[in-house]
Protein chains: 2
Amino acid sequence: MRPPLARDMFDELCPSGLLPLRFADKWAPLVLTCLTDGPRRFSELRVPLHRVTPRTLTRTLRALQRDGLITRAECPGRTPHVEYALTPLGRSLLEPLAAVCAWTREHWEELLRAREEHIAASPA
Amino acid sequence: MRPPLARDMFDELCPSGLLPLRFADKWAPLVLTCLTDGPRRFSELRVPLHRVTPRTLTRTLRALQRDGLITRAECPGRTPHVEYALTPLGRSLLEPLAAVCAWTREHWEELLRAREEHIAASPA
DNA sequence: CAGAATCCGTTTAGATACTG
DNA sequence: CAGTATCTAAACGGATTCTG
């Protein structure tokens, strides 16, 4: 019923020691989701992300690129632009990501209630 | 092939707007995992977490408690102590959490390779 | 044992302005 | 269009010391 805990959770839980790279990031999962249906431009990505500042979006995209989850392609032509797209690796991450989001939707009310009760019970 | 993106990803992806509460946290997922097999004490939790400082562990536990994912019980007696345990809600989160960790284990080598290639390709 | 208090360095992210 | 540069505020996390 209560076996001893592993001495080092960092070795056991994930090879990364923590959540997968980029998963404990505020923006990265949202960016990945935005790329589900195809490549997107820099400015296209900003809109659904509450007009996140260019600086923040740039850093997020660079990190995702570094980890092989997205690609960055410069598209020359009459209207030159840049397109970001999921790699197969990045796409494979969408599944566990969706599972987490589904959990949240399912338990949203419950989470809110817990918070409210906690606030109500906490001392002034 | 390329439908327009939702204007507000925060409304659509998760009710929370982001990942579920506490999921984008460095320690929370590890703590939840440590509680899988039963209640644990404060000091018991520190060991597998690389001797995380009391301050950090306390804040993590408070946040998890606030969101209804764990309970805190003071156990009086000859050796008084405190026990933290998963709520049913907290336990239900273990499943999507495990899915994410499984993904990481599965693609760990690939992630490492991408990083190395990126470092090799980046300018001095 | 289970923390609280304090200090401090790092990281994160927003606002704003500017550039090839 | 796709960023970069600079500044700033807040959050995160570690180290240390102290307490009911």
Side-chain angles (χ1 to χ4, degrees), chain A residues 2 4-5 8-10 16-19 21-31 34-35 39-67 70-85 122-123, chain B residues 2 4-5 8-10 16-19 21-31 34-35 39-67 70-85 122-123:
Chain A
R2 249 183 91 174
L5 283 171
D8 191 345
M9 182 61 53
F10 287 76
S16 74
L18 299 170
L19 286 182
L21 315 172
R22 306 292 98 222
F23 212 83
D25 178 291
K26 180 175 175 181
W27 298 104
L30 291 169
V31 169
C34 286
L35 294 174
R40 300 288 174 183
R41 301 182 182 188
F42 188 87
S43 48
E44 260 181 312
L45 289 171
R46 288 191 63 197
V47 181
L49 300 175
H50 276 187
R51 308 286 304 165
V52 59
T53 56
R55 170 183 156 79
T56 299
L57 182 55
T58 297
R59 293 202 324 182
T60 302
L61 291 168
R62 293 284 182 275
L64 288 169
Q65 197 184 347
R66 184 199 57 188
D67 289 344
I70 66 171
T71 56
R72 176 185 183 279
E74 301 191 12
C75 306
R78 286 221 308 121
T79 57
H81 59 277
V82 177
E83 287 203 333
Y84 293 94
S122 62
Chain B
R2 249 183 91 172
L5 283 170
D8 190 346
M9 182 59 54
F10 286 76
S16 74
L18 299 169
L19 287 182
L21 315 172
R22 306 293 97 223
F23 213 79
D25 177 291
K26 179 176 176 183
W27 298 104
L30 290 170
V31 169
C34 287
L35 293 175
R40 301 290 173 181
R41 301 182 182 186
F42 188 86
S43 47
E44 261 182 311
L45 289 171
R46 289 191 63 197
V47 181
L49 301 175
H50 278 187
R51 308 286 304 164
V52 58
T53 57
R55 171 183 155 80
T56 300
L57 182 54
T58 297
R59 291 201 321 186
T60 302
L61 290 168
R62 293 284 183 275
L64 288 170
Q65 197 185 346
R66 183 199 57 188
D67 290 343
I70 66 171
T71 56
R72 176 185 184 278
E74 300 191 10
C75 305
R78 286 221 308 119
T79 58
H81 60 277
V82 177
E83 287 204 333
Y84 294 94
S122 62

Suppose we screen for side chain to side chain donor-acceptor pair (under 3.5 Å). Which residues come up paired with B:Ser43, at least two apart in sequence or across chains? none

To the side chain of B:Arg72, which of C:dA2, D:dG13, D:dG3 is closest? C:dA2

My understanding is that only residues two or more places apart in sequence, or in another chain, count here; which of them pass side-chain contact (heavy atoms from CB on, under 4.5 Å) with B:Arg55? B:Thr53, B:Arg59

Could you write nucleotides 15-20 of chain C as a row of B, S and -, 5' to 3', where a protein heavy atom under 4.0 Å of any base atom gives B, of only sugar-phosphate atoms gives S, and otherwise -? B-----

If I take atom CZ in residue B:Arg59 and atom P in nucleotide C:dA5, what distance separates them, rounded to the nearest angstrom? 13 Å

What's the CD-P distance between A:Gln65 and D:dA2, to the nearest Å? 14 Å

Check the distance between C:dA13's P and A:Arg62's CZ and give it to me in whole angstrom. 16 Å

Going by the rule side chain to side chain donor-acceptor pair (under 3.5 Å), which residues pair with A:Thr71 if we only count those two or more places apart in sequence or in a different chain? none

Rounded to whole angstroms, how far apart are NE2 on A:His81 and C1' on D:dA2? 11 Å

Nucleotide D:dA2, atom C1' - distance to CZ of A:Arg40 in whole Å: 17 Å

Below 4.0 angstrom from OP1 or OP2 of C:dG14, is there any side-chain N or O of A:Arg46? no

Where do B:Leu64 and B:Ala28 come nearest, in terms of heavy atoms and distance? CD2-CB, 3.9 Å

With five pairs defining each end axis, the helix from C:dC1-D:dG20 to C:dG20-D:dC1 comes out bent, to 10°, by 50°

Can you name the nearest heavy-atom pair linking A:Leu49 to A:Cys34, along with the distance? CD2-SG, 4.2 Å

Show the atom names and distances, to 0.1 Å, of all donor-acceptor pairs under 3.5 Å that link a side chain in residues 72-79 of chain B to residues at least two apart or in another chain.
residue : atom : partner : partner atom : Å
B:Arg72 : NE   : B:Tyr84 : OH           : 3.4
B:Arg72 : NH1  : B:Glu74 : OE2          : 3.1

Can you find a heavy atom in the side chain of A:Leu61 that is under 4.5 Å from one in the side chain of A:Leu45? yes

Side-chain N or O of A:Tyr84 closer than 4.0 Å to phosphate OP1/OP2 of D:dG3: yes

State whether B:Thr58 places a side-chain N or O below 4.0 Å from either non-bridging phosphate oxygen (OP1 or OP2) of C:dG3. no

Spacing of A:Leu45 atom CG relative to D:dG3 atom C1', expressed in whole Å: 13 Å

Rounded to whole Å, how long is the line connecting atom CD of B:Glu83 with atom P of C:dG3? 12 Å

In this structure, how many angstroms lie between the P atom of D:dG3 and the CG atom of A:Leu57, rounded? 8 Å

For A:Pro39 and A:Glu44 the tightest heavy-atom approach is O-OE1, 4.5 Å

Nearest non-hydrogen partners of A:Phe42 and A:Leu57, listed with the distance: O-CD2, 3.6 Å

Let's see if you can work this out: which of D:dG14, C:dG3, D:dG3 has an atom nearest to the side-chain heavy atoms of B:Val82? C:dG3

